[in-house]
Amino acid sequence: MAQFIDRRLNGKNKSAVNRQRFIRRHKEKIKESVADAVNRRSITNTETGEDVAIPHKDISEPIFHQGQGGVKERVHPGNDQFIQGDKIDRPKGGGQGGGGSGDGDASPDGEGEDEFVFQISKDEYLDILFEDLALPNLDKTQINKITEWKTHRAGYQTAGNPANIAIVKSLQQSLARRTAMTAGKRRMMQELEDELTRIQNQEPAQLIEERRLKEEIEALRKKISSVPFIDTFDLRFKNYERRPIPSSQAVMFCLMDVSGSMDQATKDIAKRFYVLLYLFLTRTYQNVEVVFIRHHTQAKEVDEHEFFYSQETGGTIVSSALRLMNEIVADRYPIGQWNIYAAQASDGDNWADDSPRCKELLQEGLLPKCQYYSYIEITRRSHQTLWHEYEKLENNFSNFAMKNIRSVDDIFPVFRELFKKENA
């Protein structure tokens, strides 16, 4: 009976060597699963990876199989209800639904779908989450502080993530090791076999010497066969390193409405959007400055903790935040040296007389200075004056974008739409 000894470092992940190939092949389905996962889990929870489920039918491979053969004649009934490509609903209460109930029975509604589930790591999760995203209109004129990171191959290493194993390089190491360990034994075995052939051709036969030579040859053959095909010593892993790519310096202004009209659910959506934005900036760029501004009737620049956790509230004058941002830009961020971005979140409730003032501040002061300005209105109600005033800007400024978020499920799709790469 043969005994197999698994000497690999990742004994519990037998198929990890094909992981990267699998992720590349099914990237679109994985991206869809990651997008769904964003809505299921807290956006701030990035300490772990994610379980990704892919329908079994989407990972099936085409195969060749033996046909039944022979010549058969069949008479099919006429069809006046379906054409090629139609999808037929599963019968109600009948058939075998796969994957739904787990016990082989059909689900109550007659539907089911097999799924393949695997775990992606924290880094894979974030890489896929922010793939194809970038700060729009980023000018490369001022090479100063901000650094963008790009992953490059950097040779091989003897230890690493099983997903990065280099199969060809590992097999080359295995061949070199087996050659070094067995070359002397094979050379000795060849000499013994030549000696055995010479003795067998002699007359009279030397049976004792012949038996001794056969025993030595068999012992050498066993030693050669006992050398493992692959060992942990042979494993080589692809090494990757993140190299900095100098780029222009940038600042992101986060303007959040915390007035009394913003209920707790609306504030939670706004905070989750800004957490996602903050993760994207810190993951993709180095040394991007972030300025946090909270406002009700008055605007105030705050730190990260106060921005997300302060309970201060009041009436609503949106223009106070725009004025403060304009003052900070003039004081600390010269236009020729900084790429200026802003993301404003509000429920759209504002003093009626203040909304035209907001439009004027953006049109005359901020938008000509900004690389990109995004406005997110979080409401299920009909839009009010602030939205309608901003709509006039959208048609005249290509660096201005506005989106509506109605529920938590809209956060990530809206975020991707606002910050997708121009060439994606």
Side-chain angles (χ1 to χ4, degrees), residues 134-148 246-259 270 273-274 277-278 280-282 285-308 310 312 314-346 350-351 353-377 386 389-402 418-419:
L135 291 175
N137 308 322
L138 184 65
D139 285 340
K140 306 288 184 178
T141 55
Q142 293 292 328
I143 309 300
N144 193 359
K145 285 180 62 179
I146 178 177
T147 302
E148 187 174 353
S247 132
S248 300
Q249 55 187 359
V251 57
M252 173 67 74
F253 285 84
C254 298
L255 289 70
M256 182 167 63
D257 184 356
V258 294
S259 61
F273 178 88
Y274 283 121
L277 175 60
Y278 187 72
F280 162 65
L281 293 175
T282 55
Y285 302 95
Q286 185 183 41
N287 297 326
V288 175
E289 293 196 16
V290 182
V291 177
F292 296 102
I293 296 177
R294 291 166 56 96
H295 76 88
H296 38 82
T297 55
Q298 296 179 344
K300 181 172 65 171
E301 181 181 1
V302 297
D303 58 20
E304 177 185 345
H305 184 273
E306 187 175 355
F307 183 80
F308 287 106
S310 176
E312 184 181 1
T316 310
I317 299 180
V318 177
S319 62
S320 62
L322 302 182
R323 285 198 186 91
L324 179 58
M325 175 182 168
N326 204 10
E327 293 172 3
I328 294 175
V329 169
D331 183 46
R332 304 199 316 244
Y333 302 103
I335 304 303
Q337 302 177 18
W338 288 83
N339 289 276
I340 300 171
Y341 295 87
Q344 177 187 355
S346 172
N350 191 24
W351 291 106
D353 294 340
D354 189 58
S355 295
R357 194 176 300 119
C358 293
K359 170 181 170 291
E360 182 179 351
L361 285 170
L362 284 174
Q363 181 173 314
E364 303 297 332
L366 290 176
L367 289 181
K369 302 175 183 178
C370 290
Q371 297 300 113
Y372 189 64
Y373 192 104
S374 58
Y375 171 65
I376 305 96
E377 187 159 297
L386 186 61
E389 290 292 336
Y390 278 8
E391 278 184 321
K392 302 173 184 176
L393 298 173
E394 189 177 25
N395 298 327
N396 299 325
F397 291 89
S398 60
N399 62 335
F400 179 79
M402 52 193 299
L418 289 173
F419 293 98

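- Between I293 and I328 the shortest side-chain heavy-atom distance falls below 4.5 Å.
- Here the straight-line distance linking atom CE of M252 with atom CD of Q371 works out to 11.0 Å at 0.5 Å rounding.
- Classified by interplanar angle (parallel below 30°, tilted 30° to 60°, perpendicular above 60°), the ring pair F419/Y372 is perpendicular.
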- Intermediate values then yes/no, side-chain contact (heavy atoms from CB on, under 4.5 Å), H295 and R323: CA-CA 11 Å; H295 76 88; R323 285 198 186 91; over 6 Å; no

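- Rounding to the nearest 0.5 Å places CD of E360 at 8.0 Å from CD of Q363.
- For F292 and Y274, the gap between ring centers reaches or exceeds 6.0 Å.
- Between A250 and W338 the shortest heavy-atom distance is O-CZ3, 3.5 Å.
- Residues G315 and S259 approach most closely at O-CB, 3.0 Å, considering heavy atoms.
- A side-chain donor-acceptor contact under 3.5 Å links N399 to the backbone of L367.
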- Task: Determine, step by step, whether K369 and N326 satisfy the side-chain contact (heavy atoms from CB on, under 4.5 Å) criterion, reporting the C-alpha distance in whole Å, the side-chain angles of both residues, the deciding distance to 0.1 Å, and the verdict.
- Result: CA-CA 9 Å; K369 302 175 183 178; N326 204 10; 2.8 Å; yes

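- Side-chain contact between L393 and Y373: absent, with no pair of heavy atoms (C-beta onward) separated by less than 4.5 Å.
- In this structure, S346 contributes its side chain and I376 its backbone to no donor-acceptor pair below 3.5 Å.
- In this structure, the side chains of L322 and L255 come closer than 4.5 Å at one or more pairs of heavy atoms.
- Counting heavy atoms from C-beta outward, K359 and L362 have side chains that stay 4.5 Å or more apart.
- More than 12 non-hydrogen atoms from other residues, nucleotides or ligands lie less than 6.0 angstrom from CG of N396.
- Judged by distance alone, the side chain of N350 and the main-chain N or O of V318 form a donor-acceptor pair under 3.5 Å.
- Listed for the D354 side chain is a donor-acceptor partner under 3.5 Å among the backbone atoms of S319.
- Using a 4.5 Å heavy-atom cutoff, the side chains of F307 and Y278 are not in contact.
- Between K300 and E306 there is a salt bridge, since at least one side-chain N of the basic residue sits less than 4.0 Å from a carboxylate O of the acidic one.
- Of all heavy-atom pairs between F400 and M402, the closest is CE2-SD, 3.9 Å.
- Here L418 contributes atom CG and F280 contributes atom CZ; the two are 11.0 Å apart, rounded to the nearest 0.5 Å.
- With Y390 contributing its side chain and C358 its backbone, the two residues share no donor-acceptor pair below 3.5 Å.
- Annotation for R294 and S310: closest pair NH2-O, 3.1 Å, computed over non-hydrogen atoms.
- Residues L361 and M325 form no side-chain contact, since every pair of their non-hydrogen atoms from C-beta on lies 4.5 Å or further apart.
- Note: R332 CZ to E301 CD = 4.5 Å, rounded to the nearest 0.5 Å.
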- Task: Any chance you could lay out the side-chain contact (heavy atoms from CB on, under 4.5 Å) test for Y375 and L386, step after step, and finish with the verdict?
- Result: CA-CA 10 Å; Y375 171 65; L386 186 61; 3.5 Å; yes

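- Atom CG in D331 sits 9.5 Å away from atom OH in Y333 (nearest 0.5 Å).
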